[in-house]
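Data block below; observations after.
Here is the naming used below: chain letters follow the sequence lines, and residue numbers restart at 1 for every chain. These numbers were taken from a predicted model, which means no experiment stands behind them.
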Protein chains: 2
Amino acid sequence: MVIQTQSQRLTDDEVDRIFHALADATRRDIIQRTLTREQSLTELAADYDMSFAAVHKHVSVLEGAGLITKHANGRARLVQANPSMLRKVRGLLDEYEQIWRGRIERLDALLAED
Amino acid sequence: MVIQTQSQRLTDDEVDRIFHALADATRRDIIQRTLTREQSLTELAADYDMSFAAVHKHVSVLEGAGLITKHANGRARLVQANPSMLRKVRGLLDEYEQIWRGRIERLDALLAED
DNA sequence: TTAACGTATAACCAAATGGTTATACAAACA
DNA sequence: TGTTTGTATAACCATTTGGTTATACGTTAA
């Protein structure tokens, strides 16, 4: 078993996988549903107009991105969203906001000269 | 000329396009660079190890997602990031946070019973 | 008016994506 | 034990993606 240490910084590949995982409405819906309460794969699959295998693939993509985790309960696999990863994504966007604010401040400083 | 009214809610397709656009390191880099200051396509293309046409495609993807805007200046096309769209994306993630908090509150309420 | 520069786009290609059906395995139950 | 249920995965397919080269089109400058 590998203990995943909470890495401070995400690599480009990790960020690629996270945003890719979020770029699909079915996968975003799975995140929403499993934020509220954990759900098994069959429970999830029942509500989408596609095969179980397709839903299984979507869940795998989310798992690979660290956006959800699965744990076994008998033969069921319970899926739950991982809010800490969602917060990390928000943190990435906050960095953009900081860059933007930095630009505004430099413009302000420029106007304030003389 | 079409005046784009600031639509309150993004459609699934729009969100798909936005996250897809963010799921590539080159495109994220273009956003970062053009948040600081607007840059022409050739300026942008000079720093990547790929053809001008490839960079042009990346910029088109970002433009289609509303994450950057282009305006002409002579023969140059100046690219600048669109911070308001980035904030909207953050808003989407905030919604997930709200759902998550709602769950916690319900759990707290449950524990508070008796 | 030509030549050079910046941009746009077409045609092509390999690889990835998102779906399918079919099959296998593992756990629960009659 | 045998059957059903839940999950995993393989093989396949059409479409999309992300790159290429080549070419065309405006705009600037000599």
Side-chain angles (χ1 to χ4, degrees), chain A residues 1-2 11-34 37-81, chain B residues 11-34 37-81:
Chain A
M1 179 185 179
V2 174
T11 67
D12 274 354
D13 278 0
E14 287 169 333
V15 179
D16 284 2
R17 263 180 281 131
I18 291 168
F19 280 125
H20 169 70
L22 290 169
D24 180 281
T26 301
R27 289 196 290 260
R28 288 193 300 277
D29 195 63
I30 291 173
I31 289 177
Q32 289 223 15
R33 292 175 58 185
T34 58
R37 70 172 188 83
E38 63 185 12
Q39 265 171 284
S40 74
L41 280 170
T42 29
E43 278 180 297
L44 288 173
D47 287 336
Y48 302 109
D49 189 23
M50 65 184 76
S51 67
F52 173 87
V55 175
H56 185 276
K57 279 192 188 181
H58 281 305
V59 169
S60 295
V61 170
L62 289 167
E63 198 178 12
L67 287 164
I68 61 121
T69 56
K70 278 197 304 192
H71 63 275
N73 186 335
R75 61 188 163 191
R77 295 291 177 278
L78 298 179
V79 176
Q80 60 184 0
Chain B
T11 67
D12 274 354
D13 278 0
E14 287 169 331
V15 179
D16 284 3
R17 263 180 280 131
I18 291 169
F19 280 125
H20 169 72
L22 290 170
D24 180 283
T26 302
R27 290 196 289 262
R28 288 193 301 275
D29 195 64
I30 291 173
I31 290 175
Q32 287 224 13
R33 291 175 60 186
T34 58
R37 71 174 188 81
E38 63 184 12
Q39 267 171 282
S40 74
L41 280 170
T42 28
E43 279 179 297
L44 289 173
D47 287 335
Y48 301 109
D49 188 24
M50 64 183 76
S51 68
F52 174 87
V55 174
H56 184 277
K57 279 192 188 180
H58 281 305
V59 168
S60 295
V61 169
L62 289 167
E63 197 179 11
L67 287 165
I68 60 119
T69 56
K70 278 196 305 191
H71 63 273
N73 186 335
R75 62 188 161 190
R77 296 291 178 278
L78 298 180
V79 176
Q80 59 183 0

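In this structure, B:K70 does not reach the C:dG6 phosphate: none of its side-chain N or O atoms is under 4.0 Å from OP1 or OP2. Here A:T42 reaches the OP1 or OP2 of D:dT7: one of its side-chain N or O atoms lies under 4.0 Å away. B:S60 has no side-chain polar atom (N or O) that falls below the 4.0 Å cut-off from OP1 or OP2 of C:dA8.
Interatomic distance, B:I18 CD1 to A:L22 CG, rounded to the nearest 0.5 Å: 11.5 Å. B:F52 CZ to B:L41 CG: the interatomic distance, rounded to the nearest 0.5 Å, is 4.5 Å.
Taking atom CG of residue B:L78 and atom C1' of nucleotide C:dG6, one finds them 11 Å apart after rounding to whole Å. In this structure, the CD atom of A:Q39 is 11 Å from the P atom of D:dT7, given to the nearest Å. For the pair A:H56 NE2 and D:dT7 P, the interatomic distance rounds to 9 Å; values are reported in whole Å. Put simply, CD on A:E43 is 14 Å from C1' on D:dT5, counting in whole angstrom units. Residue A:R17 contributes atom CZ, which lies 16 Å from atom C1' of C:dT17 at whole-angstrom precision.
By the side-chain contact (heavy atoms from CB on, under 4.5 Å) test, A:R37 is found to be paired with A:Q39, A:E43, residues two or more places apart in sequence or in another chain being considered. Residues passing the side-chain contact (heavy atoms from CB on, under 4.5 Å) test with B:A25, sequence neighbours excluded: A:D12, A:D16, B:R28. Among residues two or more places apart in sequence or in another chain, the salt bridge (charged side-chain N to carboxylate O under 4.0 Å, His left out) test is passed with A:D47 by A:R33. By the side-chain contact (heavy atoms from CB on, under 4.5 Å) test, B:Q80 pairs with A:R103, B:E38, B:T69, B:H71, sequence neighbours left out. By the side-chain hydrogen bond (donor to acceptor under 3.5 Å, both in side chains) test, A:H58 pairs with A:R27, sequence neighbours left out. Applying the salt bridge (charged side-chain N to carboxylate O under 4.0 Å, His left out) test to A:R17 and every residue at least two apart in sequence or in another chain returns nothing.
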Nucleotide-resolved protein contact map, nucleotides 14-21 of chain D, B/S/- at heavy-atom distance under 4.0 Å: ---SSBBB
Heavy-atom protein contacts under 4.0 Å, nucleotides 25-30 of chain D, coded B base, S sugar-phosphate only, - none: -BBB--
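Pairs engaging residues 54-78 of chain A under the salt bridge (charged side-chain N to carboxylate O under 4.0 Å, His left out) rule: A:E63-A:K70 [sequence neighbours left out].
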